[in-house]
Amino acid sequence: MAVTRSRAVERKTAAPRAAFPWRKQELIWMLAASALLFIGFILVYQSRQPALSATPAPLNLNALNAREDLLPVLTPVFPDTSLRTFAAEKIYYASGSLTNVGALARLRIKADELSARSLAPLRERLQGRASEPLVTADQFRQLKPLLSVRTPARFRSSFLLWCALFFAAFFAAHVFLSLRGFAADESLLPATFVLCGIGLILMVSLRDPLRDNLLFADFAQGAVIGCVLLAALATLDFYALFGKLSFVPLIASFLLSVLLVLFGSGPGASDAKVNLLGF
């Protein structure tokens, strides 16, 4: 029987297929966290429903056609006709892009605005001062339930948009880390996802959906930016770049402590000193 010999280089061998380094455990935790947060978002949205469906609907300050639209709302607060007309004019010119109803409490009456108007009650309130709030604290409490700065549909669309971007940002970070073959602990991203999600739910629940700033939009923006930074920093080899500079964070921490002791303040009247130069 003839024996055939061949060299190793002449034999074709099938190269083993490399397993795709998908972060499967992280994905499982991400999906579980998503289910938990999804329930939380549904519950917090339902908690906002009474404010969204209140009747009669409040007057939207950012959708006024004329200053006369404000007169029915201002009548109980400003019985004097001339004063009511003046307040309607001030509010109308300030409206259009308000982010919260509280902006009305910051409107000021200036003495020179009253020079050509017969507004004795306002002159009495000024009493020689250069300016005075247009509405008092009691008047603002009366007005706030009657006004809004957005419609329920606008709140709903903002809520859905930022929740979707929040989920998308974290799952995009997961996909990126998997494609890069990132080998860090697979529980870190899901834990961050849950903590940020709870924070986002809290931001939705804190403020009036029609009258106050949409805090959850700013919070979600921060989370999205954080995911981008996370993905970018995950591409760096910190051991190669900073392995010999481990003393730098230690020195920075001592420096920060000294700065807080010398220039820190607050919170409030407390001497804890956690605020530094606006941060």
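Quantities reported herein were computed from a predicted structural model and do not represent experimental measurements.
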Engineer: Find the distance between CD (Gln139) and CG (Leu134) and round it off to the nearest 0.5 Å.
Structural biologist: 8.0 Å
Engineer: Working to the nearest 0.5 Å, report the span between CG of Leu260 and NZ of Lys273.
Structural biologist: 8.5 Å
Engineer: Table please: side-chain donor-acceptor pairs of residues 155-168 below 3.5 Å, with sequence neighbours left out.
Structural biologist:
from, atom 1, to, atom 2, distance (Å)
Arg156, NE, Tyr45, OH, 2.8
Ser157, OG, Ala153, O, 3.3
Ser157, OG, Arg154, O, 2.9
Ser158, OG, Arg154, O, 3.1

Engineer: Quick one: pull up CZ in Phe263 and CG in Leu276 and give me the separation to the nearest 0.5 Å.
Structural biologist: 8.5 Å
Engineer: Is there a path of hydrophobic side-chain contacts, each under 4.5 Å between heavy atoms of I, L, V, M, F, W or Y residues, that connects Leu71 with Leu64?
Structural biologist: no
Engineer: Begin with the C-alpha distance, continue with both residues' side-chain angles, and end with the deciding distance and a verdict on side-chain contact (heavy atoms from CB on, under 4.5 Å) for Phe247 and Ile251.
Structural biologist: CA-CA 6 Å; Phe247 61 89; Ile251 294 175; 3.5 Å; yes
Engineer: If I take atom CG from residue Leu61 and atom CG from residue Leu146, how far apart are they, to the nearest 0.5 angstrom?
Structural biologist: 10.5 Å
Engineer: Identify which one of Leu206, Val204, Val44, Leu202 satisfies the side chain to side chain contact (heavy atoms under 4.5 Å, CB included) criterion when paired with Phe216.
Structural biologist: Val204
Engineer: Taking side-chain hydrogen bond (donor to acceptor under 3.5 Å, both in side chains) as the test, write out the residues that go with Arg207, two or more places apart.
Structural biologist: none
Engineer: In Å, rounded to the nearest 0.5 Å, how long is the span from CD1 of Ile91 to CG of Asp69?
Structural biologist: 12.0 Å
Engineer: Would you say Ser187 and Asp185 are linked by a side-chain donor-acceptor pair, where the criterion is simply a distance under 3.5 Å?
Structural biologist: yes
Engineer: Do Leu229 and Leu177 sit in the same hydrophobic cluster, where Ile, Leu, Val, Met, Phe, Trp and Tyr count as joined when their side-chain heavy atoms come under 4.5 Å apart?
Structural biologist: no
Engineer: So, using side-chain hydrogen bond (donor to acceptor under 3.5 Å, both in side chains) as the criterion, who are the partners of Glu26 when residues are at least two apart?
Structural biologist: Arg23, His174
Engineer: Can you tell me how far CG of Leu59 sits from CG of Leu74, rounded to the nearest 0.5 angstrom?
Structural biologist: 9.0 Å
Engineer: Under the side-chain hydrogen bond (donor to acceptor under 3.5 Å, both in side chains) criterion, do Asp212 and Asn100 qualify, and how do the steps go?
Structural biologist: CA-CA 4 Å; Asp212 295 330; Asn100 59 80; over 6 Å; no
Engineer: Taking all non-hydrogen atoms of both residues, which atom of Val101 and which atom of Val149 are closest, and how far apart?
Structural biologist: N-CG1, 3.7 Å
